[in-house]
Peer 1: 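Just dropping this structure here.
Keep in mind that what you see is a predicted model, and the values were worked out from it rather than measured.
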Amino acid sequence: MTEKEIDSKAEKLTAVKGMNDILPPDSARWEWLEDQVRSLMGRYAYRNIRTPIVEPTALFVRGTGETTDIVEKEMYSFADKLNGEELTLRPENTPGVVRAAIQHNLTYDGGKRLYYMGPMFRHERPQRGRYRQFYQLGAEALGFAGPEVDAELMLLVHELFAAFGLRNVRVELNSLGVAAERRAHRSALIAYFEQHLELLDADSQRRLHMNPLRILDTKNPAMQALVQQAPQLLDYLGPDSLQHFDTVKTLLSACGVNWSVNPRLVRGLDYYSHTVFEFVTDELGAQGTLCGGGRYDGLFALLGGKPTPAVGWGMGLERVLELIKQQGETPAAPVPNAYAVIPDAVALPRAMQAVQTLRGAGVSVQMHAAVTAGADSMKTQFKKADASGAAYALVFGSDELAENAVTVKALREGGAAQRRESLSDIVKWASTLQSRT
Ligand code: ATP
Ligand code: MG
């Protein structure tokens with residue numbers, strides 16, 4: 001087959017359903033957000049951790065929980081073609097972080113405060129705010145038992161949202177107490193639902209004896225009245241758990257975070273304890289949970305480590321960016337400082353050299369390409385310069401180069417028309433290109 005024949009037969013490939021390309025200029029919003037995150041994490045003394053995207057499937061079966069939606073139906077799992085090992089693309093990163101902490105004995109000399117950012121994978125029905133590859137930012141504080149760290153972590157989310165310029169985000173809190181308290185509540189819950197079996201949907205009947213707490217989480221409108229009346233875990237908490245919860249609330253209020261208690265906020269897994277929380281908006285429809293987290297004091301032991309208290313949260317970045325966009329806080333798209341206009345291929349070596357020196361001095365320069373393939377007219381090049389958003393055009397014409405100089409032309413309104421600068425002392429005038437005209 002000739003190259004042409006191959007071309008005409010090749011089928012176009014597209015991205016996997018529910019997995020998105022993030023393209024410029026949109027990607028600049030992501031970079032802006034990531035910059036804000038790194039800066040704030042640094043100020044809270046949280047350090048970056050990067051764990052693999054692929055982990056043993058068993059990590060999530062144990063660490064996320066066999067009875068969760070994630071493990072029951074959302075994981076991308078496969079057998080390694082070479083050795084048959086059961087592997088999974090991470091659907092969340094807390095189990096990976098805890099695995100790494102155990103494997104490297106991270107908490108041997110005290111607590112560790114960590115954060116991560118990266119793609120997660122869940123096989124869900126794609127819709128706005130719900131994708132099959134999505135990005136999560138997460139923070140985990142390992143080895144701290146006190147309620148002040150629960151509050152610190154929530155404060156961190158609060159401050160992040162402030163840095164993003166977000167408004168109208170609610171903070172909902174609950175406490176799951178400790179295992180014995182949950183057991184007592186669980187019995188009461190099962191007894192209650194057993195009295196109303198005919199009102200339970202199929203999913204909930206299946207969960208009744210496996211994971212009744214999850215029923216409280218149901219989104220089925222027909223069951224709302226039933227779960228509203230169900231026994232509340234808060235009523236089963238002893239004095240220590242209540243004190244932990246009260247301290248969290250007091251500290252949040254002291255730091256200016258408005259919260260409300262949502263007694264139906266649960267995590268249906270036994271390694272969760274004490275504080276659980278969500279940051280929620282009403283402005284994104286059904287996908288309004290921006291961030292969810294809680295204390296998971298039992299997870300280290302479940303994954304084979306020494307019992308270690310821990311607390312953390314995960315945040316969906318697509319949802320956060322969508323809300324930022326919707327609330328009109330989009331950062332300006334980046335533009336180069338200058339655009340190099342190169343009328344003739346002969347000018348290329350010296351033009352590229354000069355542009356390189358400018359970049360070295362911190363100036364962002366976009367070079368006109370396609371010179372060698374037949375020079376574009378000055379008119380075309382200036383049109384491109386204008387469209388690039390640059391404040392200045394740098395003209396490397398033959399007259400200029402004969403004098404070892406370049407013409408600097410202001411492109412934006414109100415700028416001084418143009419001037420000549422010498423190529424022998426570029427660093428002296430480079431910084432003048434960094435201010436708008
Ligand atoms: P939901 O109830 O919306 O399915 P979840 O309880 O599964 O959320 P977590 O496992 O707590 O979510 O993940 C933390 C955050 O990650 C969520 O609050 C949400 O912002 C985001 N998130 C979860 N699943 C997706 C997804 N499929 N696409 C985009 N973001 C997601
Ligand atoms: Mg989910």
Peer 1: Under the ring-ring contact (aromatic ring centres under 6.0 Å, His included) rule, collect the residues that match up with Y44, sequence neighbours excluded.
Peer 2: none
Peer 1: Which pair of heavy atoms, one from S77 and one from T88, lies closest together, and at what distance?
Peer 2: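 That closest heavy-atom pairing would be OG-OG1, 2.8 Å.
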Peer 1: With a 4.5 Å cut-off on side-chain heavy atoms, are D35 and R38 touching?
Peer 2: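 Side-chain contact under 4.5 Å: yes.
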Peer 1: Check the side chains of S241 and E181 for a donor-acceptor pair under 3.5 angstrom, ignoring hydrogens and angles.
Peer 2: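 Checked: E181/S241 side chains pair up, N/O donor to acceptor below 3.5 Å.
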Peer 1: Can you tell me which residue pairs pass the side chain to side chain donor-acceptor pair (under 3.5 Å) test with a partner in residues 290-303, sequence neighbours excluded?
Peer 2: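 Residue pairs passing side chain to side chain donor-acceptor pair (under 3.5 Å), neighbours aside: E140-Y296, D150-R295, S273-D297, R295-D297.
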Peer 1: Can you say whether the rings of Y236 and H185 are parallel (under 30°), tilted (30 to 60°) or perpendicular (over 60°)?
Peer 2: perpendicular
Peer 1: Whether the side chain of T308 engages the backbone of K306 through a donor-acceptor N/O pair (distance < 3.5 Å, no angle test) should be reported.
Peer 2: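 Indeed, once roles are kept as given, a pair shorter than 3.5 Å links the two residues.
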Peer 1: Begin from the C-alpha positions of V365 and L394 and carry the test side chain to side chain contact (heavy atoms under 4.5 Å, CB included) through to its verdict.
Peer 2: CA-CA 9 Å; V365 188; L394 305 171; 4.3 Å; yes
Peer 1: Verify whether one side chain among S187 and R183 offers a donor that lies under 3.5 Å from an acceptor in the other.
Peer 2: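 The criterion, which ignores hydrogens and geometry beyond distance, is not satisfied for R183 and S187.
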Peer 1: Can you pull out every salt bridge (charged side-chain N to carboxylate O under 4.0 Å, His left out) where at least one residue sits in residues 101-114? Sequence neighbours excluded, please.
Peer 2: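 As it turns out, the salt bridge (charged side-chain N to carboxylate O under 4.0 Å, His left out) pairs with a partner in residues 101-114, which skip direct neighbours, are D109-K112, R113-E152.
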Peer 1: Is any side-chain N of the basic residue among R207 and D69 closer than 4.0 Å to the acidic one's carboxylate O?
Peer 2: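 Yes, this pair counts.
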Peer 1: Does atom CG (N258) have a neighbourhood of more than 12 heavy atoms from anything else shown, all under 6.0 Å?
Peer 2: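 Atom CG in N258 is not packed in, count stays at 12 or less.
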Peer 1: Kindly say whether the aromatic ring centers of W313 and F279 come within a distance under 6.0 Å.
Peer 2: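 For W313 and F279, the ring centres are not under 6.0 Å apart.
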Peer 1: Listed by chain and number, what are the salt bridge (Lys or Arg N to Asp or Glu O under 4.0 Å) partners of D240, not counting sequence neighbours?
Peer 2: none
Peer 1: Could you pull out all residues at least two apart from E198 that satisfy salt bridge (Lys or Arg N to Asp or Glu O under 4.0 Å)?
Peer 2: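 None.
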Peer 1: Could you verify whether a donor N or O on one side chain and an acceptor N or O on the other, from S175 and T275, lie under 3.5 Å apart?
Peer 2: no
Peer 1: Under a 3.5 Å threshold, yes or no: a donor from one side chain and an acceptor from the other, between N168 and E283?
Peer 2: yes
Peer 1: Should we say atom CD of Q243 is surrounded by more than 12 heavy atoms from elsewhere, each under 6.0 Å from it?
Peer 2: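 No, because the 6.0 Å sphere around CD of Q243 holds 12 heavy atoms or fewer from other groups.
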Peer 1: Partners of T380 by side-chain hydrogen bond (donor to acceptor under 3.5 Å, both in side chains), sequence neighbours excluded?
Peer 2: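 Scan of T380 (side-chain hydrogen bond (donor to acceptor under 3.5 Å, both in side chains), adjacent residues dropped) gives S377.
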Peer 1: Regarding K249 and the six-membered ring of F245, is the cationic atom NZ or CZ under 6.0 Å from the ring centre and inside 45° of its axis?
Peer 2: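 Relative to the ring axis of F245, which defines the angle, K249 lies inside both limits.
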Peer 1: Indicate the atoms forming the closest heavy-atom contact of P336 with S364, along with that distance.
Peer 2: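 Of all heavy-atom pairs spanning P336 and S364, the closest is CA-OG, 3.1 Å.
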Peer 1: Let me confirm one number: the CE-NE2 distance from M378 to H368, rounded to the nearest 0.5 Å.
Peer 2: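 It comes to 10.5 Å.
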Peer 1: Please confirm whether H123 and Y76 have ring centers closer than 6.0 angstrom.
Peer 2: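 Ring centres of Y76 and H123 closer than 6.0 Å.
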Peer 1: Main chain of Y135, side chain of E318: is a donor-acceptor contact present, judged purely on distance under 3.5 Å?
Peer 2: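 Judged by distance alone, yes, a pair lies under 3.5 Å.
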Peer 1: Does a donor on one side chain and an acceptor on the other come within less than 3.5 Å for R319 and Q287?
Peer 2: no
Peer 1: Hey, is D203 close enough to R214 for a salt bridge, meaning N to O under 4.0 Å?
Peer 2: no
Peer 1: Can you name the nearest heavy-atom pair linking A139 to Y116, along with the distance?
Peer 2: N-CE2, 4.5 Å
Peer 1: Please identify which of these residues, L114, N48, L156, meets the side-chain contact (heavy atoms from CB on, under 4.5 Å) condition with M41.
Peer 2: L156
Peer 1: If you compare all heavy atoms of V320 against all heavy atoms of L166, which two are closest, and at what distance to 0.1 Å?
Peer 2: CG1-CD1, 4.2 Å
Peer 1: Quiz question: by atom type and distance under 3.5 Å, do the side chains of N220 and D201 form a donor-acceptor pair?
Peer 2: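 Indeed, the side chains of N220 and D201 share at least one donor-acceptor pair under 3.5 Å.
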Peer 1: Regarding Q136 and R90, is there a side-chain donor-to-acceptor distance under 3.5 Å anywhere?
Peer 2: no
Peer 1: Which heavy atom of L234 sits nearest to which heavy atom of P263, and what is that distance?
Peer 2: CD1-CB, 4.3 Å
Peer 1: Give a yes or no on whether the backbone of G110 and the side-chain of T107 come within a donor-acceptor separation of less than 3.5 Å.
Peer 2: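 Such a contact is absent between T107 side chain and G110 backbone.
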Peer 1: Assess whether ring-ring contact (aromatic ring centres under 6.0 Å, His included) is satisfied between F277 and W259, documenting all intermediate values.
Peer 2: CA-CA 10 Å; F277 55 88; W259 48 265; over 10 Å; no
Peer 1: For atom CE of M19, decide whether the heavy atoms of other residues, nucleotides or ligands shown that lie under 6.0 angstrom number more than 12.
Peer 2: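 Yes, enclosed.
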Peer 1: Output yes when E172 and R264 qualify as a salt bridge under the 4.0 Å nitrogen-oxygen rule, no when they do not.
Peer 2: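 Salt bridge flag = no for R264 with E172.
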Peer 1: Taking only Lys NZ, Arg NE, NH1 and NH2, and the carboxylate oxygens of Asp or Glu, determine whether E124 and R132 approach each other closer than 4.0 Å.
Peer 2: no
Peer 1: If I compare all heavy atoms of Y392 with all of A410, which pair ends up nearest, and what's the gap?
Peer 2: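 Where Y392 meets A410 most closely, the heavy atoms are CD2-CA, 3.9 Å.
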Peer 1: Using 30° and 60° as the class boundaries, would you call the ring planes of F161 and F164 parallel, tilted or perpendicular?
Peer 2: tilted
Peer 1: Crowded around Q224 CD? As in, over 12 foreign heavy atoms under 6.0 Å?
Peer 2: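 Check passes, neighbour count above 12.
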Peer 1: Without hydrogens or angle criteria, can the side chains of E92 and T64 be said to hold a donor-acceptor pair below 3.5 Å?
Peer 2: yes
Peer 1: State whether the number of non-hydrogen atoms from other residues, nucleotides or ligands found under 6.0 Å of R50 atom CZ is greater than 12.
Peer 2: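 Result for CZ/R50: open.
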